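Some notes on the structure that comes next.
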Amino acid sequence: MPRKIILDVDTGSDDACAIMLAQLHPDIDLAAVCTVKGNQPINYTTENTLRIRDLLHADFPVYKGCSGSLVKNIVYPRIPPTANADAYDEEGNKIHIHQELFDLPESDGRIEELNAPNFYVNYLKNARDRVTIVAVGPLTNLAVALVMEPDIVKNIEEIVIMGGGWNITNATLAAEFNIYDDPEAAQRVLHCGAKITMVPLDATHAAYITQDDCEELKKIGTPASVFAADLIERRIKVHDYAQPLDVKHSCALHDPLCIAYLIDPSVLKNVKYCNVEVSLSGLTEGQTCVDQRAIQENRNVYFAFDGDPKRFSKILIDAFRK
Ligand code: RIB
Ligand code: CA
């Protein structure tokens with residue numbers, strides 16, 4: 001039976017690929033998509049999500065979520081990110097990887113009436129079967145829902161989070177973007193009591209996608225596969241410039257790796273059950289602190305330190321062939 005999931009996104013180029021993989025793969029039953037601010041403001045992440053739904057001719061419900069973080073934007077001072085990840089093409093034009101609206105036709109704007117935290121509460125309170133939540137943006141929606149109704153956790157099968165980093169960070173010297181964007185929300189979710197699998201930058205950078213993979217996607221020739229190839233090519237250009245991986249002309253495609261893990265858990269490697277805490281202030285704000293001592297208390301997260309690029313690209317490309 002396909003695994004039922006709710007996907008929480010801040011679409012975004014890799015979020016877009018995660019939606020496509022979840023919608024196209026027969027092992028996944030995409031029950032709903034919630035949006036959150038993150039890569040872009042909430043109106044853009046929502047509109048981008050709707051445009052991807054149209055591209056796929058899909059009909060999953062979309063719930064618009066939180067437009068700001070729980071605490072950080074009202075507390076002074078919080079550290080702004082310092083990395084300059086802008087890259088430019090040969091003509092000097094900036095390459096966007098989380099570009100607003102993606103050049104796809106405008107959507108009809110059809111979203112559900114409930115906002116995302118209310119949807120979580122309502123859906124999970126009434127769910128007959130437990131559901132998996134895949135959160136690939138800041139964790140604000142889920143944190144708000146868990147504050148409103150902590151009991152909903154009993155109907156959560158697993159929470160799979162794209163976020164965090166052990167050896168690799170991207171928002172600051174210490175933090176990954178999704179966790180840095182709303183550290184208090186992340187800390188709340190990590191301690192909710194559900195089974196949590198964390199897919200950090202260490203895993204997503206290891207499970208890179210290459211230019212050759214893009215060529216395969218283009219050959220499939222569907223509007224979705226060609227669009228995915230275009231998004232990934234932009235990511236490769238930005239990675240080559242700002243975050244070069246060991247393999248040249250490759251990129252991390254963070255968010256779909258969480259979906260791939262549900263299809264084949266062995267795509268994540270070196271997964272350890274550890275205590276993970278989020279730093280909430282100072283130079284390390286948003287850092288995921290991972291306890292790796294042999295004897296430790298409060299283990300709460302399955303943290304993936306590595307990933308398998310071959311398995312990941314096969315899962316991704318095969319899904320577009322189906
Ligand atoms: O750090 C990677 C995460 O932040 C991904 O979810 C991606 O969409 C980016 O914005
Ligand atoms: Ca994302």
Side-chain angles (χ1 to χ4, degrees), residues 5-22 33-42 44-49 51-52 62 65-66 69 80-87 95-102 116 133-142 159-183 185-186 189 197-209 228 231-232 234-236 238-239 242-243 245 251-261 278 285-288 303-304 307 312 316:
I5 70 163
I6 298 169
L7 188 50
D8 202 302
V9 292
D10 60 329
T11 318
S13 61
D14 53 335
D15 306 73
C17 294
I19 297 169
M20 291 193 252
L21 179 55
V33 176
C34 296
T35 63
V36 67
K37 57 76 197 75
N39 284 319
Q40 298 287 332
I42 186 69
Y44 289 121
T45 61
T46 305
E47 173 63 17
N48 286 347
T49 303
R51 289 184 182 200
I52 296 296
V62 172
C66 294
S69 304
T82 51
N84 179 1
D86 294 348
I95 303 169
H96 298 270
I97 57 166
H98 296 304
Q99 179 189 25
E100 302 94 330
L101 314 181
F102 287 140
I133 295 169
V134 182
V136 298
L139 290 158
T140 321
N141 289 334
L142 204 45
I159 304 174
V160 185
I161 295 170
M162 190 287 124
W166 171 247
N167 267 325
I168 306 176
T169 64
N170 58 7
T172 71
L173 79 176
E176 179 279 332
F177 175 81
N178 287 341
I179 306 301
Y180 179 78
D181 190 72
D182 197 342
V189 172
T197 298
M198 212 160 188
V199 181
L201 295 174
D202 310 78
T204 64
H205 281 231
Y208 54 82
I209 296 289
L231 293 178
I232 297 169
R234 292 189 213 185
R235 296 186 64 85
I236 289 175
V238 173
H239 262 280
Q243 299 174 52
L245 303 183
C251 72
L253 195 62
H254 312 285
D255 298 344
L257 188 59
C258 295
I259 307 291
Y261 152 75
V278 179
E285 177 181 343
Q287 180 174 17
T288 41
F303 194 92
F312 181 36
L316 187 75

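One-based numbering, in listed order, for ligands and for the atoms of each. Remember, predicted model here, so these are calculated numbers, not experimental data. Computed over heavy atoms, backbone and side chain alike; hydrogens, waters and symmetry mates excluded. Counting from 1, the numbers follow the sequence of the chain as shown.
Asp10 contributes OD1 as its N, O or S atom closest to the Ca ion (ligand 2). Among heteroatoms of the N, O or S kind in Asp15, OD2 lies nearest the Ca ion (ligand 2). Nearest N/O/S atom of Asp255 relative to the Ca ion (ligand 2): this is OD2.
Here the heavy atom of the protein found nearest to atom 10 (O) of ligand 1 is Asn39 OD1, 2.1 Å. Nearest to atom 1 (O) of ligand 1 among the protein's heavy atoms is Glu176 OE2, 2.4 Å.
Looking at His254 next to ligand 1, no N or O pair under 3.5 Å apart turns up. For ligand 1, the polar-atom distance check finds no N/O of Leu201 at less than 3.5 Å from any of the ligand's N/O atoms.
A side-chain donor from one of Ser13 and Arg235 sits under 3.5 Å from a side-chain acceptor of the other.
The part of Asp15 lying near ligand 1 is the side chain, judged by heavy-atom distances below 4.0 Å. Of the heavy atoms in Asp255, only side-chain atoms (C-beta onward) come closer than 4.0 Å to ligand 1.
Taking a cut-off of under 4.0 Å to the non-hydrogen atoms of Asn170, the atoms of ligand 1 that pass are 1 (O), 2 (C).
Under a 4.0 Å N-O distance rule, the pair Asp10/Lys37 does not qualify as a salt bridge.
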> What's the verdict on side chain to side chain contact (heavy atoms under 4.5 Å, CB included) for Ile236 and Leu245, showing C-alpha distance, side-chain angles and the deciding distance?
Replying inline: CA-CA 10 Å; Ile236 289 175; Leu245 303 183; over 6 Å; no
